[in-house]
Amino acid sequence: MSGGAVASVPEGLLDGGVWFRVEEAGSASAVRRAAERLAAELAMPEKRVADLAIAAAEAAGNLVKHADQGLILVRTVRSADQAGVELIMVDSGPGMADVQFSIGDGHSTAGTLGIGFGAILRQASRWDLHSVPGKGTVMTVQVWPARLPDPAWAAGLTRPITGETACGDAWAIREIDGRRQMLVSDGLGHGGLAAAASHEAVRAFHRAPAVPPAQVVEFLHRAIGHTRGAALAVAELDLTAGMIRYAGLGNISGTVLGPDGNRRGMVSMPGIAGHQRRQVREYDYPLLPGATVLMHSDGVVDRWNAADYPGLLSHSSEVIAATVLRDAGTRRDDAGVLVAKVS
């Protein structure tokens with residue numbers, strides 16, 4: 001396969017990714033084809049394209065056979081020197097009581113050979129899975145062209161409102177001059193103009209000077225004035241000081257989940273970045289080793305409780321974000337979640 005199939009790559013695959021609802025064999029085939037086309041567009045070696053195709057086909061097939069409301073996100077993942085493909089699978093039941101037993105070759109709950117999970121894991125460069133009986137399963141698979149890069153220190157997911165393909169929510173992370181910073185943006189409204197506002201916020205975030213979060217928010221406020229505006233927040237993880245600094249405008253929620261299970265919300269100021277703001281204020285919160293930082297737009301409800309998902313916070317940022325998006329994301333709005341884990 002060559003990289004000449006630009007026109008055949010579904011819109012969105014080369015940036016935030018595309019969600020597929022997987023309920024029958026035809027949709028499972030669409031997932032495999034999309035993954036193959038994306039891998040070819042990224043110029044991955046043919047062997048890894050073939051490996052990815054196997055993983056995508058098996059993952060989608062498992063959703064068709066076993067899942068309720070199964071979804072797969074196909075998207076690009078990048079390190080400093082290469083690009084790979086990530087599959088994120090979510091479903092709403094029945095879940096697995098014994099994950100290690102269920103992923104072994106030979107185990108089946110549908111009269112098949114039971115090699116699906118084993119085939120996925122053999123092709124994967126990196127994978128993670130969390131399942132709760134009665135709530136469902138989340139699985140992430142990354143296929144990289146060459147050596148496996150270190151995992152990203154944070155990861156996020158977005159999903160557009162039902163009926164739209166463009167998502168007004170966006171996220172970004174950066175490390176600059178020793179500052180480890182996170183952004184979540186929720187463009188006003190929905191559709192293309194909301195997406196344009198958040199994409200401009202992300203571009204401005206990456207070119208902003210290496211300054212504390214409140215000053216970054218001020219920079220973004222000025223940078224997106226030509227758009228319809230956005231609610232946005234910036235968090236900075238200071239691991240040396242054991243502190244998180246947080247500043248926001250509008251309805252972006254930030255939460256620190258402590259290693260002891262304590263939950264602490266972070267404060268954003270009222271306003272619309274790009275149009276209306278009071279003085280931007282920055283707040284500091286303790287950040288202990290083992291904590292999880294979670295930021296999300298108002299398309300995700302705050303009633304989500306980590307205690308309902310035993311062991312979840314020991315998993316990857318991608319799995320945590322996908323679980324929150326699945327169970328706390330509303331279909332009546334764009335939804336975005338960003339998660340960082342503190343070692």
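For reference, positions follow the sequence shown, starting with 1.
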Quiz item: What's the verdict on side chain to side chain contact (heavy atoms under 4.5 Å, CB included) for Val49 and Lys47, showing C-alpha distance, side-chain angles and the deciding distance?
Solution: CA-CA 5 Å; Val49 175; Lys47 172 63 167 64; over 6 Å; no
Self-check item: Cluster check Leu237, Val337: I/L/V/M/F/W/Y, side chain < 4.5 angstrom
Solution: no
Self-check item: Heavy-atom side-chain proximity of Phe219 to Pro209 below 4.5 angstrom
Solution: yes
Quiz item: Are any side-chain N or O atoms of Ser198 and backbone N or O atoms of Ala195, one a donor and one an acceptor, separated by less than 3.5 Å?
Solution: no
Quiz item: Take atom CD in Gln279; do more than 12 heavy atoms of anything else shown fall under 6.0 Å from it?
Solution: no
Practice problem: Taking Asn262 for its side chain and Gly258 for its backbone only, find out whether a donor-acceptor pair lies under 3.5 Å. | Solution: no
Self-check item: Lys NZ or Arg CZ of Arg174 over Phe205 ring: under 6.0 Å, within 45°
Solution: yes
Self-check item: Asp238 side chain vs Ala241 backbone, donor-acceptor pair below 3.5 Å
Solution: yes
Practice problem: Test Ser253 against Asn251 for side chain to side chain donor-acceptor pair (under 3.5 Å), laying out the working first. | Solution: CA-CA 6 Å; Ser253 296; Asn251 200 11; 4.6 Å; no
Identify all side-chain donor-acceptor contacts of residues 82-89 below 3.5 Å with residues at least two apart in sequence or on another chain.
from  : atom 1 : to     : atom 2 : distance (Å)
Gln82 : OE1    : Ala146 : N      : 3.4
Gln82 : NE2    : Arg147 : O      : 2.7
Glu86 : OE1    : Arg75  : NE     : 2.9
Glu86 : OE1    : Arg75  : NH2    : 2.9
Glu86 : OE2    : Gln142 : NE2    : 3.0

Practice problem: Let me see the working for Glu41 and Arg37 under salt bridge (charged side-chain N to carboxylate O under 4.0 Å, His left out), right down to the final yes or no. | Solution: CA-CA 6 Å; Glu41 181 62 25; Arg37 290 196 296 268; over 6 Å; no
Quiz item: Yes or no on side chain to side chain contact (heavy atoms under 4.5 Å, CB included) for Tyr285 and Met266, after CA distance, side-chain angles and deciding distance?
Solution: CA-CA 8 Å; Tyr285 304 92; Met266 299 185 285; 3.5 Å; yes
Self-check item: Closest approach of Val342 to Leu288 (non-hydrogen atoms, all atoms of both residues)
Solution: CG1-O, 3.8 Å
Quiz item: What's the spacing between Arg180 CZ and Ile173 CD1 if we round to 0.5 Å?
Solution: 8.0 Å
If you look only at distance, which donor and acceptor atoms sit under 3.5 Å apart when one is on a side chain in residues 293-301 and the other is two or more places apart or in another chain?
from   : atom 1 : to     : atom 2 : distance (Å)
His296 : ND1    : Val300 : O      : 3.3
His296 : NE2    : Asp302 : OD1    : 3.0
Ser297 : OG     : Asp169 : OD2    : 2.6
Ser297 : OG     : Gly299 : N      : 3.3
Ser297 : OG     : Gly336 : N      : 3.2

Quiz item: Just by distance, do the side chain of Asp51 and the backbone of Gln123 share a donor-acceptor pair under 3.5 Å?
Solution: no
Quiz item: Are Asp327 and Lys135 close enough, and set up right, to give a salt bridge (charged side-chain N to carboxylate O under 4.0 Å, His left out), and what steps lead you there?
Solution: CA-CA 9 Å; Asp327 290 352; Lys135 288 186 178 293; 5.4 Å; no
Quiz item: How far apart are the closest heavy atoms of Leu157 and Trp171, and which atoms are they?
Solution: N-NE1, 3.6 Å
Quiz prompt | Least distance between heavy atoms, Val234 atom then Val216 atom | solution = CG2-CG1, 3.9 Å
Quiz prompt | Stacked cation flag Arg48 on Trp144, 6.0 angstrom / 45 deg | solution = no
Quiz prompt | Hphob cluster co-occupancy, Val324 + Leu257, side-chain heavy atoms under 4.5 angstrom | solution = yes
Quiz item: So, does His275 use its side chain to make a donor-acceptor pair with the main chain of Thr227 at under 3.5 Å?
Solution: yes
Quiz item: Would you say Arg332 has more than 12 foreign heavy atoms packed within less than 6.0 Å of its CZ?
Solution: no
Quiz item: Any donor and acceptor pair, going by atom type alone, linking the side chain of Ser79 with main-chain N or O of Pro149 inside 3.5 Å?
Solution: no
Self-check item: Closest heavy-atom pair and its distance - Arg331, Leu71
Solution: NH2-CD1, 3.2 Å
Exercise. Output yes when Arg207 and Glu200 qualify as a salt bridge under the 4.0 Å nitrogen-oxygen rule, no when they do not.
Key: yes
Quiz prompt | Main-chain N/O of Gly168 paired to Asp334 side chain as donor or acceptor, under 3.5 Å | solution = yes
Exercise. Please report the shortest heavy-atom distance between Ala328 and Trp304, naming the atom on each side.
Key: CB-CB, 3.9 Å
Exercise. Using a cut-off of 6.0 Å, state whether more than 12 heavy atoms not belonging to Arg281 lie near its atom CZ.
Key: no
Self-check item: Nearest heavy-atom neighbours spanning Leu313 and Ala306
Solution: CD1-CB, 4.1 Å
Quiz item: Okay, side chain of His130, backbone of Val138: is any donor-acceptor separation there less than 3.5 Å?
Solution: no
Self-check item: Ion pair check, Arg179 and Glu175, cut-off under 4.0 Å
Solution: no
